[in-house]
Amino acid sequence: MLDGGTMTLEQRWDWPEGEVEVCHRTSHLRDLPSTFPSTEVLKSEAPPLEPPASPPSGSLKCSSGDPLPEPPPQDPKEDSQVDSPFSGTGLGNFAAVLRRPNFLLLWMGQVFSQLADKVLLVLLIGLISRQFQPEGASISGWVAAVMLAFTLPAVLLGSLAGVFVDRWPKKGVLVLSNVVRGILVLLLPPLLWLTAGRDLWPGIPLGFGSLLLVSFAVSVLTQFFAPAEQATLPLILPRRELLAANSLYTTTMMASLIVGFAIGEPLLTLADRWVRAWLPGWEVGPELLVGGAYLLAGSLLLLLQPHERLEPRPWQAPHLWEDLKLGLQYIGQMPLIRAALLQMVVLYSLFAALAVLAVRMAEVTAELEADQFGVLLAAAGLGMAIGAFWVGHTGRQVSRRAWSGLGSLLLCLSLAALSWTEGKLFPSLAWIALLGCGGALVAVPMQTLLQEETPEHLRGKVFGLQNNAVNIALSLPLVLAGVAETYFGLAWTFLGLAALTGSAGLYLWGLLGREGHR
């Protein structure tokens, strides 16, 4: 029997290894839809209060007899602030999360892992150019093959990886995915040396096949790292600090995108010179740099102490399809989760389309050449970094509904304005930067919503499905945007994107209002 309606019992859904039950103290109750399979869950509208250090006499115990899971470390006065939408503003939001040792380790691991991801692509293109591209021939086909090796695991395995992440310790996934990626990159020089002069197929060197295999394996491991990283954040931070944490993560991701591609080649050249100075004749500096960054990320994450309790159970083969359906059913029954995922997919589709259209924009701009489209994308990255910092700096003074509405408005306005600035460099840069800022105003609160509203044991599945959907969203516009621009021109394509973005924004705005969500 629940005591005065202040305690709820959250029963986890049909695990193949057996059911696990966790008790949470909440302040408001809201039932999940009764049609959700095998569930007896009461969800909370307000953020859950942390259980006291010593439970009161007569407190409710879970039927399984398991004690309450350890909560993330809390400040002494934090409980009174958790439910407040005005629980911190300014740089103090970022200082609060950076003071958490666990978050600092996870964030630093992300910095080195993200930089390694971006510089790795520069490294692979350099290897193709030096060792495999025939003189006078185009490099596009070789690069396209490497990009396909990176993309296929993201499309095929993104959802399944999330199923495993829910069953495995998050720390182990984070550490091993980085360490093994580092080892794979360090194996490139001996692999290329062993396969030198041999052909996999007439005209296709065996060394290039090894390059594709390593690229594919690195991408497979990335599919496990991404959902594990997102699922770990709510384990190491109190709910009120997730917004600032996601703001830092988005800022870091955009900064690594700009910095990685901008200084990737100089960094690789510098590493090559240093290694040659110490070990004459050894051309392994670039691989040591990238592989070392992955290994450093893994070493930092080895010190992580997430508050995650996994009961020892005999190993059983995962019921992949059943678990995947469970995640899909949860998304289907939860309008907020479904709307946030839709908004994220639309947002990433928009930026993928922008990557294609930026080439054409640069081509028709007098000050740029077609291959200088990166200048336009850098403006979007700068705008996203500014927007993410703005959200984290303001904190919860602004509701998620307001952030989403403002972000969608900026996206629509920017896209519509870009239809009138064709061929004009500086106005285009300004509107693209505003576009990136609007994207961050949508992405950061929506990612926070997903982390807060998804139960712990379903986070891997949900974030795996999100990763899968986002990767598909990044792939399809690469074709569709180019076709639309060919047939309708830049102006009408941008107006069409503005209409699509506005529709998704209005849908989420209305849904958040109906749910009474802050």
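Sequence positions, counted from 1, serve as the residue numbers for this chain. The figures that follow rest on heavy atoms only: side chains count, while hydrogens, waters and symmetry mates do not.
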Any non-hydrogen side-chain atom of [X] less than 4.5 Å from a side-chain atom of [Y]?
X	Y	value
L497	L357	yes
L192	F132	yes
E453	V462	no
F103	E241	no
W403	W390	yes
L413	W431	yes
F208	W201	no
L212	F216	no

Run the side chain to side chain contact (heavy atoms under 4.5 Å, CB included) test against [X] and tell me which residues pass, sequence neighbours left out.
X	value
S428	M361, L418, T421
T269	E265, R273
V111	W107, L115, T252
L435	L350, L354, L411, S414, L415

Looking only at heavy atoms, what is the nearest atom pair of [X] and [Y], with distance?
X	Y	value
F112	A293	CB-O, 3.7 Å
W509	A402	CZ3-CA, 4.2 Å
G109	A297	O-CB, 3.5 Å
E229	L106	O-CD2, 4.3 Å
L233	A245	CD2-CB, 4.2 Å
P306	I236	CA-CG2, 3.8 Å

**Prompt:** Among all residues two or more places apart in sequence or in another chain, which pass the side-chain hydrogen bond (donor to acceptor under 3.5 Å, both in side chains) test with S408?
**Reply:**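 Expected list: Q343.
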**Prompt:** By side-chain hydrogen bond (donor to acceptor under 3.5 Å, both in side chains), which residues pair with Q451, not counting sequence neighbours?
**Reply:** Q230, N246
Taking atom [atom1] of [X] and atom [atom2] of [Y], what is their separation to the nearest 0.5 Å?
X	Y	atom1	atom2	result
L449	L336	CG	CG	5.5 Å
S215	F150	OG	CZ	4.5 Å
E452	R239	CD	CZ	4.5 Å
L120	S219	CG	OG	10.0 Å
L237	L242	CG	CG	6.0 Å
C437	L406	SG	CG	8.0 Å

**Prompt:** For the residue pair F224 and W168, does the interplanar ring angle fall in the parallel (under 30°), tilted (30 to 60°) or perpendicular (over 60°) class?
**Reply:** parallel
**Asked** Hey, which of L300, L296, L301 is the one that makes side-chain contact (heavy atoms from CB on, under 4.5 Å) with M108?
**Response**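 Among L300, L296, L301, the one meeting side-chain contact (heavy atoms from CB on, under 4.5 Å) with M108 is L300.
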**Prompt:** Under the salt bridge (Lys or Arg N to Asp or Glu O under 4.0 Å) test, which residues partner E283, sequence neighbours left out?
**Reply:** R276
**Asked** K171 side chain to L304 main-chain N or O, any donor-acceptor pair under 3.5 Å?
**Response**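 Between the backbone of L304 and the side chain of K171 there is a qualifying donor-acceptor contact (under 3.5 Å).
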**Request:** List for me each residue that meets ring-ring contact (aromatic ring centres under 6.0 Å, His included) alongside F494, sequence neighbours excluded, and say none if there are none.
**Result:** none
**Item:** Results of ring-ring contact (aromatic ring centres under 6.0 Å, His included) for F488 - residues two or more places apart only
**Value:**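 Partners of F488 by the ring-ring contact (aromatic ring centres under 6.0 Å, His included) criterion come out as none, since no residue qualifies.
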Side-chain polar contacts of residues 177-188 - donor-acceptor pairs under 3.5 angstrom, sequence neighbours left out - could you list them?
{"residue": "S177", "atom": "OG", "partner": "V173", "partner atom": "O", "Å": "2.8"}
{"residue": "S177", "atom": "OG", "partner": "L174", "partner atom": "O", "Å": "3.1"}
{"residue": "N178", "atom": "OD1", "partner": "S113", "partner atom": "OG", "Å": "3.2"}
{"residue": "N178", "atom": "OD1", "partner": "R181", "partner atom": "NH2", "Å": "3.0"}
{"residue": "N178", "atom": "ND2", "partner": "L174", "partner atom": "O", "Å": "3.0"}
{"residue": "R181", "atom": "NE", "partner": "S177", "partner atom": "O", "Å": "3.1"}
{"residue": "R181", "atom": "NH1", "partner": "D117", "partner atom": "OD1", "Å": "3.3"}
{"residue": "R181", "atom": "NH1", "partner": "T222", "partner atom": "OG1", "Å": "2.9"}
{"residue": "R181", "atom": "NH2", "partner": "S113", "partner atom": "OG", "Å": "3.1"}

**Message:** Filter on side-chain hydrogen bond (donor to acceptor under 3.5 Å, both in side chains), then keep only pairs touching residues 120-129, sequence neighbours left out; what's left?
**Reply:** none
